[in-house]
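To start, the structure itself, in structure tokens.
Please read these numbers as outputs of a predicted model, since none were measured by experiment.
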Amino acid sequence: MGAGGLALNLRTFLARPALQVAPELLGATVRVDSAEGAVLIRLTEVEAYEGPADPASHAFRGPTRRTAVMFGPPGRLYVYFSYGMHWCVNVVCQPDGTAGAVLLRAADVVEGIELVRRRRPGVRAERDLARGPARLAASLGLTGHDDGTDLLDPSSRAQLVTGRRTAEICNGPRVGISAGAELPWRFWLSGAPSVSRFRPGKTRSGRLTT
DNA sequence: TCGCTGATCATCT
DNA sequence: GATGATCAGCGAA
């Protein structure tokens, strides 16, 4: 098959608002190669961050040195350092010149689980390996060094492969933000064991439509 | 299972 | 100088 054509379709797929792209990324896989081996994960939870219109987005106040990648072409990784100790990974959306990104919040490890366990010693449950944005980044071995990596360039060590969804999609409020927290822009696969347990709002009966 | 807290630093005001 | 798209560990219920 023509890898170039596939990449072109993916580019078009990603050059849309994050709100549209985010739910469709669920079930897709991300592969990251390294000297130690490859790790393959299947996305189970994501969050949409739009551009300047979204008060919770890093792009809210326009482009800065850190957020420059978000304003560039779609299909690249936006990796940022958070809370002084964690890395978080986004996939850039929207056409070149417009900001938007999808935060990768959780995933199931499909391949390379031995390597992931070496990277995350002390984690027992398999579902916890990549549950949460910082854990996901750690599992993949991604850091600020990978900021700007083009997921659609075959020579990149990180690759995005669209996949078939196998479960229903749920949505709800985003996690860990103050502004725009009421927007239901977090999406996850129903019943996926690796989905974050965080439920902001403290509503115990936070049952979302099936 | 839930809720609180400390750790720790790049980025921006 | 303040802030944060977080996590792990702890104690209480």
Side-chain angles (χ1 to χ4, degrees), chain A residues 14 17-19 21-23 25-26 30 41 43-72 74 76-94 99-107 109 116-149 170-188 191 193-207:
Chain A
L14 292 171
L19 201 50
V21 173
L25 276 180
L26 293 173
V30 176
I41 64 169
L43 299 176
T44 58
E45 183 183 1
V46 298
E47 276 178 5
Y49 286 87
E50 293 295 351
D54 180 2
S57 172
H58 287 171
F60 183 53
R61 296 177 189 281
T64 65
R65 212 172 84 82
R66 178 177 61 153
T67 62
V69 175
M70 276 184 80
F71 289 82
R76 292 186 177 174
L77 288 180
Y78 165 49
V79 187
Y80 68 92
F81 196 55
S82 179
Y83 291 94
M85 58 187 87
H86 301 301
W87 295 100
C88 296
V89 180
N90 295 248
V91 175
V92 174
C93 300
Q94 303 271 34
V102 175
L103 171 68
L104 308 185
R105 285 199 59 89
V109 178
V116 173
R117 285 199 177 281
R118 252 179 287 146
R119 283 174 175 158
R120 301 187 35 68
V123 176
R124 298 216 170 186
E126 192 169 314
R127 75 180 67 170
D128 289 338
L129 288 172
R131 186 171 75 183
R135 296 156 162 174
L136 186 151
S139 294
L140 290 177
L142 292 173
T143 68
H145 185 260
D146 301 287
D147 188 41
T149 297
C170 300
N171 73 307
R174 291 178 291 186
V175 175
I177 57 175
S178 41
E182 70 286 354
L183 299 170
W185 288 2
R186 181 166 58 105
F187 303 89
W188 67 91
S194 59
V195 169
S196 306
R197 284 191 179 177
F198 313 138
R199 286 292 182 276
K202 299 127 199 155
T203 49
R204 205 171 310 167
S205 58
R207 196 184 331 142

Below the 4.0 Å mark, does [N] have OP1 or OP2 next to a side-chain nitrogen or oxygen of [X]?
X	N	answer
A:R174	C:dT6	no
A:R131	C:dC7	no
A:R186	C:dA5	no

Options [options], nucleotide nearest the side-chain atoms of [X]:
X	options	answer
A:H86	B:dA10, C:dA5, C:dT6	C:dT6
A:Y49	C:dA5, C:dT6, C:dA8	C:dA5
A:R135	C:dA5, B:dA7, C:dA8	C:dA8

Which whole-number value in Å describes the distance from [X] [atom1] to [N] [atom2]?
X	N	atom1	atom2	result
A:R124	C:dA8	CZ	P	14 Å
A:Y83	B:dT8	OH	C1'	12 Å
A:H145	B:dA10	NE2	P	16 Å
A:R120	C:dA8	CZ	C1'	10 Å
A:M85	C:dG9	CE	C1'	13 Å
A:L19	C:dA5	CG	C1'	16 Å
A:D128	C:dC7	CG	C1'	11 Å
A:L103	C:dG4	CG	P	16 Å

**Asked** Can you list the steps and then say if A:Y80 with A:H58 is a ring-ring contact (aromatic ring centres under 6.0 Å, His included)?
**Response** CA-CA 10 Å; A:Y80 68 92; A:H58 287 171; 4.6 Å; yes
**Request:** With rounding to the nearest 0.5 Å, note down the distance linking CG in A:L129 to CZ in A:R135.
**Result:**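 Spacing of CG (A:L129) from CZ (A:R135) equals 9.5 Å.
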**Prompt:** Contacts to DNA chain C from residues 59-67 of chain A, heavy-atom cutoff under 4.0 Å, which residues?
**Reply:**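 Those residues whose heavy atoms fall under 4.0 Å from DNA chain C, taken from residues 59-67 of chain A, amount to none.
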**Contact nearer the 5' end of DNA chain C, comparing A:S178 with A:V123** =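 Mapping each residue to its closest nucleotide by heavy atoms, the 5'-most match is A:S178.
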**Request:** Report which part of the nucleic acid A:F81 touches: base, sugar-phosphate, or nothing (heavy-atom distance under 4.0 Å, all strands).
**Result:**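 Result for A:F81 = sugar-phosphate.
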**Message:** Any base atoms under 4.0 Å from A:A134, or only sugar-phosphate, or nothing? Heavy atoms, all strands.
**Reply:**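 Contact class for A:A134: sugar-phosphate only.
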**N/O donor-acceptor pair, side chain A:Y80 with base C:dA5, under 3.5 angstrom** =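 Under the 3.5 Å cut-off, the side chain and the base do form a donor-acceptor pair.
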**Message:** With a 4.0 Å cut-off on N to O distance, would you call A:D54 and A:R174 a salt bridge?
**Reply:**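 A salt bridge links A:D54 with A:R174.
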**Item:** SB check A:E47 A:R105 (cutoff 4.0 Å)
**Value:**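 Salt bridge: yes.
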**Request:** Apply side-chain contact (heavy atoms from CB on, under 4.5 Å) to the pair A:W185 and A:L19, showing each step before the final yes or no.
**Result:** CA-CA 7 Å; A:W185 288 2; A:L19 201 50; 3.3 Å; yes
**Request:** Pull out every stem in DNA chain B, meaning runs of 3 or more consecutive Watson-Crick or G-U wobble pairs with both distances under 3.5 Å.
**Result:**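 Stem list for DNA chain B: B:1-7 with C:6-12, B:9-12 with C:1-4.
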**Message:** Tell me whether the rings of A:W87 and A:F81 are parallel (<30°), tilted (30 to 60°) or perpendicular (>60°).
**Reply:**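 A:W87 vs A:F81 ring planes: tilted.
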**Asked** Do the side chains of A:V89 and A:L140 get nearer than 4.5 Å, heavy atoms only?
**Response**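 No, their side chains stay 4.5 Å or more apart.
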**Prompt:** Does any non-hydrogen side-chain atom of A:S57 lie less than 4.5 Å from one of A:M70?
**Reply:**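 A:M70 reaches A:S57 side chain to side chain.
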**Request:** Look only at the side chain of A:R186 and the backbone of A:P173, and say whether a donor-acceptor pair between them is shorter than 3.5 Å.
**Result:**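 Looks like yes, one N/O pair under 3.5 Å.
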**Asked** Quick check: does any side chain N or O of A:E50 sit under 3.5 Å from a backbone N or O of A:A18, one acting as donor and the other as acceptor?
**Response**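 Between the backbone of A:A18 and the side chain of A:E50 there is a qualifying donor-acceptor contact (under 3.5 Å).
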